[in-house]
There are 2 protein chains.
Amino acid sequence: MFRALSNPARRQMLVWLKEPMCFPGQEPADVEIGVCVSDIQRRSGLGQSTTSQYLAILRQAGLVVATRRGKWTYYRRDEANIARLLETLGDVF
Amino acid sequence: MFRALSNPARRQMLVWLKEPMCFPGQEPADVEIGVCVSDIQRRSGLGQSTTSQYLAILRQAGLVVATRRGKWTYYRRDEANIARLLETLGDVF
DNA sequence: ATCACATATTGGCAATTCTCGATATGACGA
DNA sequence: TCGTCATATCGAGAATTGCCAATATGTGAT
């Protein structure tokens, strides 16, 4: 988790995903499923492969969850797990 | 801060410093000033230079404070700042 | 002034991370 | 089936980190 968040771009992605509606073209109905990779990539300015990898790292750290629908993969925050991690953080440190 | 905590040895040091009395030879009077580098080094098993560098990184991240007394440098947690950082963390993520 | 000791800094090498372009996979439409 | 589009994975080079031994700095005792 610390490794995942030690990168500014990945931290930024996690913050952006708090407001899925701030991505262009997002419909209210999409909020629950998340934001697709290309939208995140466009906003981050990183390459496509880098964006995909970073989201995979965030997923492995349990910070986001991915949902594949058709050709798109949507990412959204794993709020429950994030809350749990923050709580553990407060206990340990 | 995330970079500082992305290393297991540095996280361990921060946790150890929660209980300064657990270091051999610590007197109750020493608790306030902290633990000296050699004690932390012995416990971590890392080299002297590595230990010194890691403590410097923790200090730059605002997680510990250093007090020089004679030839010794004592490190202790910056509890106020740690609490502030954890709070900010909860706000941002 | 000099020695010994605790800590800090430097130089370097191996391992990891960052980031990209190229390529592979998988799904949809014609 | 073929082409296209979204995403994932691979391979690689530059940059950073991990960690050490060697050296430098600062302090107290002689």
Side-chain angles (χ1 to χ4, degrees), chain A residues 1-17 20 23-27 30 33-78, chain B residues 1-17 20 23-27 30 33-78:
Chain A
M1 174 207 181
F2 282 112
R3 204 188 76 71
L5 291 179
S6 71
N7 180 285
R10 288 193 292 261
R11 283 199 297 273
Q12 182 67 266
M13 288 178 185
L14 200 61
V15 172
W16 279 338
L17 288 176
F23 287 81
Q26 282 284 309
E27 299 294 329
D30 304 335
I33 191 171
V35 181
C36 71
V37 180
S38 359
D39 285 350
I40 300 173
Q41 186 213 332
R42 190 170 14 257
R43 195 159 171 184
S44 70
L46 292 168
Q48 185 270 322
S49 57
T50 305
T51 307
S52 183
Q53 279 183 78
Y54 280 13
L55 289 167
I57 290 173
L58 289 174
R59 185 168 46 77
Q60 285 162 33
L63 298 165
V64 302
V65 291
T67 311
R68 179 137 216 178
R69 185 168 295 188
K71 0 184 194 180
W72 291 275
T73 307
Y74 297 92
Y75 285 89
R76 66 176 187 280
R77 292 164 53 97
D78 188 341
Chain B
M1 173 205 183
F2 283 112
R3 205 189 73 71
L5 291 178
S6 71
N7 179 286
R10 289 193 292 261
R11 282 199 297 275
Q12 182 68 266
M13 288 178 185
L14 199 61
V15 172
W16 280 338
L17 288 175
F23 287 82
Q26 283 283 310
E27 300 293 331
D30 303 336
I33 191 170
V35 181
C36 71
V37 180
S38 358
D39 285 350
I40 300 172
Q41 186 213 331
R42 187 169 17 256
R43 195 160 171 184
S44 70
L46 292 169
Q48 185 270 321
S49 58
T50 305
T51 307
S52 183
Q53 279 181 75
Y54 280 13
L55 288 168
I57 290 173
L58 289 173
R59 185 169 46 77
Q60 286 162 33
L63 297 166
V64 302
V65 291
T67 310
R68 178 136 216 178
R69 186 168 293 188
K71 359 185 197 179
W72 290 274
T73 308
Y74 297 92
Y75 284 89
R76 66 177 186 280
R77 291 163 54 98
D78 188 341

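As a whole-Å value, the separation of A:Tyr74 OH from C:dA27 P is 15 Å. In this structure, A:Arg69 places its CZ atom 16 Å from P of D:dA8, rounding to the nearest Å. Computed from coordinates, the B:Ile33 CD1 to C:dA6 C1' distance equals 14 Å when rounded to whole Å. At whole-Å resolution of the value, CG in B:Leu55 and P in C:dT9 are 12 Å apart. In this structure, B:Lys71 places its NZ atom 16 Å from C1' of C:dA8, rounding to the nearest Å. Across the protein-nucleic acid pair, B:Asp39 atom CG and C:dC5 atom P stand 17 Å apart, rounded to whole Å. Straight-line distance from the CG atom of B:Leu58 to the C1' atom of C:dT7: 16 Å, rounded to whole Å. To the nearest angstrom, C1' of C:dT25 lies 16 Å from CH2 of A:Trp72.
Close to D:dA8, at under 4.0 Å from its OP1 or OP2, lies a side-chain N or O of A:Tyr75.
Nucleic acid contact class of A:Thr73 (heavy atoms, under 4.0 Å, all strands): sugar-phosphate only.
Taking CG from B:Leu63 and CG from B:Leu58, the interatomic distance works out to 6.0 Å, rounded to the nearest 0.5 Å. A:Met13 contributes atom CE, which lies 8.0 Å from atom CG of A:Asn7 (distance to the nearest 0.5 angstrom). Distance check: A:Leu14 CG to A:Asp78 CG gives 10.0 Å after rounding to the nearest 0.5 Å.
Between the side chain of A:Ser6 and the backbone N or O of A:Arg3 there is at least one donor-acceptor pair closer than 3.5 Å.
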Quick tally for nucleotides 16-21 of chain D: nucleotides whose base has a protein heavy atom under 4.0 Å get B, sugar-phosphate-only ones S, the rest -, giving -SSBBB
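For the salt bridge (charged side-chain N to carboxylate O under 4.0 Å, His left out) condition, the pairs that include at least one residue of residues 42-63 of chain B, sequence neighbours left out, are B:Asp39-B:Arg42.
Scored by the side-chain contact (heavy atoms from CB on, under 4.5 Å) test, A:Gln60 finds A:Ala56 as partners (sequence neighbours excluded).
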